[in-house]
Amino acid sequence: MVPVVGLPSLAQAAPRDDEIAALRREMRDMQREMREEIRVLQARIARDEGHVPQAHVAHPAAASPRVVHAVPRTWSGPLPTIGAPHGPGPVRSRSDAESQMVMVEGPIPSWADVKAATEKDESVHVGGMRIGFPSGRFTISSDDRTYSFSLGGLLQEDIGGFLSTGARAGEAKGNFNSFTQNGRRLRMYFSWRYKDWVAKVTPDFGSLNADGAVGLFEANLNYTGLRHTTLTVGYFQPRMDEESAERPVAFEFLERPTIVDLVRNIAAGVARFSIGGEHYEDRWLAALYFTGQKFGDRNKNATITDSQTGAVARIAGRPYVSKDVDVHVGAGAISAFKVNQGEKGRSYTFTDHVEVPLDETELLTSGALSNVAQIWAAGPQMGVRWRRFLLKGEYYHIGVERSREAGAAPLPSLDFDGWYVAANYTLFGWPRSYNPKIAAFITPGVEHDFDPLNGDWGAMEISGRWSVTNLSDVANQGGAGVNGNQQTVWQGGVNWYPNRHIKFMLDFDHFIVSRSKGVADGVNLFGRSGNLVVGRIQASF
């Protein structure tokens, strides 16, 4: 007979035995995982050192001469993942630096940076070559990374239209689609490297405001052997302003402010022949380029007999930075020492759309300016980030010097100007951050890829911008009865980043443009205003 008082002790002993057995099973599982990790590490060491350790023979004398032990070849394929054998386990949060959108247009890393990046990224070895995705871009390289070839891409497709344009009686309607689609940037990035020499060629299948035109974004040779310095020659896009330095992948809105586009195209812009370079440190960046004509200029105008020359300069600093605050200040300057000379002499026209490229009639214009001797522009740029909030702006003054026609009265020099102010707030995800390599603010970071079942939504931001451009200075500046005008654009937008490669944008645009009698084919005789809504899908790698 078992005493009744002993029964509780037996009842308590059973659960303790179960706990001990569970702990033993857990310890055995941990031992198996550790052995698996040791095996993987040994395989990694063997792969990197180029040999495989031979199996230990406990009794050499017992080995039979008739038995041939095959020596395993060095493993050249992908290795097993270190960790739990039955799944990857919980996903680690990305750091701020790891979460940024893939920057398909640079900056160009040095050879040392490339070797460091490929050490961190997994790659497959095939016949002495490495194949992988360092920094998110498909790359094939030699084992010592001396030679490499990479392929990238950028797809931007816009969908939207104008809600109203406010045409008045006596005006031509103009081209303002109520609903349309446009392939804005469709670029393939080809890059070949030999050590610190990098050749880049990038065709663009959406090179104009209306898709269907095929052009060239860049074709250049770069040298990155000097510390934090890139030297470039060829067709390139020199960047003199913070907005352009962000690259199209990181834009807060579909396009740059009008004043920025007008200024950069004086002697920079896409596919401009350039010789120069830029250097950066943690707190400052300086860039200087001598520039020529754009790719295709002489094909578009066969009468050009003297090509353009110019220069672009930029200086930017980061005077204060902390965990919550980042301050950017800088200045940019650009000059066309001479513009292309053709059958109409040296003429130039400032004109632009309402900051959304849907191939609409351009309402803003200076009129065709004749006898242009020189064009220059300069201005400051500033930005401040406080935690998730970013405020930035730029101002530029444009000067147009005119030459004197023989026997005619001298033409007046002209002064134009413009500015923008933009505000941005990151709703979720890592906030926009400052990249000292390009001296600009880049996209919010995606801490976790879009996965609604686990409560992950990527990153999202909202933005607002006020932009003003004034191309009116004196009467008859573009000829008898032809004057410039002014454009004001108010914009609001929201951007969603489900992962580091995909972006969805939605912009609302309200524009007000003063009259421009004598230009724009009678579309804007009395002034024009309107609204539009446009969305964009973007993929980059």
- May I ask you to establish whether Arg187 and Phe217 are in a cation-pi arrangement, using a distance under 6.0 Å from NZ or CZ to the six-membered ring centre and at most 45° from the ring axis?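 Yes, Arg187 sits over the ring of Phe217.
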
- Task: Establish, yes or no, whether a centroid distance under 6.0 Å links the rings of Tyr425 and Phe389.
- Result: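 Between Tyr425 and Phe389, the centre distance exceeds or equals 6.0 Å.
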
- Task: Answer with yes or no after comparing the ring centroid distance for Trp490 and Phe508 against a 6.0 Å cut-off, counting only values under it.
- Result: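 No, the ring centres sit 6.0 Å or more apart.
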
- Item | Arg314 and Gln381: CA distance, side-chain angles, deciding distance, side-chain hydrogen bond (donor to acceptor under 3.5 Å, both in side chains) verdict | CA-CA 10 Å; Arg314 184 187 184 215; Gln381 49 196 252; 3.1 Å; yes

- Do Arg256 and Glu394 sit within salt-bridge range, that is, some charged N less than 4.0 Å from a carboxylate O?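 Looking at Arg256 and Glu394, the cut-off is not met.
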
- Query: Is the shortest side-chain N to carboxylate O distance from Glu242 to Lys392 below 4.0 Å?
  - Reply: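 Result for this pair is yes, salt bridge flagged.
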
Would you say the side chains of [X] and [Y] form a donor-acceptor pair under 3.5 Å?
X: Ser514; Y: Gln486; value: no
X: His510; Y: Asn531; value: yes
X: Tyr420; Y: Glu243; value: yes

- Query: Heavy-atom distance under 4.5 Å between the side chains of Tyr497 and Lys503, does that happen here?
  - Reply: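 Heavy-atom side-chain distance check passes, below 4.5 Å.
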
- Report yes if the side chains of Phe149 and Thr139 come closer than 4.5 Å at any heavy-atom pair, otherwise no.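 Sidechains of Thr139 and Phe149: no contact.
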
- Count the heavy atoms of every other residue, nucleotide or ligand shown that sit under 6.0 Å from OH of Tyr280, and state whether that count exceeds 12.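 Above 12, so yes.
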
- Task: Might you confirm whether atom CZ of Arg515 has over 12 heavy atoms from other residues, nucleotides or ligands at distances under 6.0 Å?
- Result: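 Counting other residues, nucleotides and ligands, CZ of Arg515 stays at 12 neighbours or fewer.
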
- Message: Any side-chain to backbone donor/acceptor pair from Glu355 onto Thr258? Under 3.5 Å, distance only.
- Response: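 Judged by distance alone, yes, a pair lies under 3.5 Å.
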
- In sequence, state the C-alpha distance, the side-chain angles, and the governing distance for Asn265 and Lys294, and then conclude on side-chain hydrogen bond (donor to acceptor under 3.5 Å, both in side chains). CA-CA 10 Å; Asn265 281 313; Lys294 281 190 173 184; 2.8 Å; yes

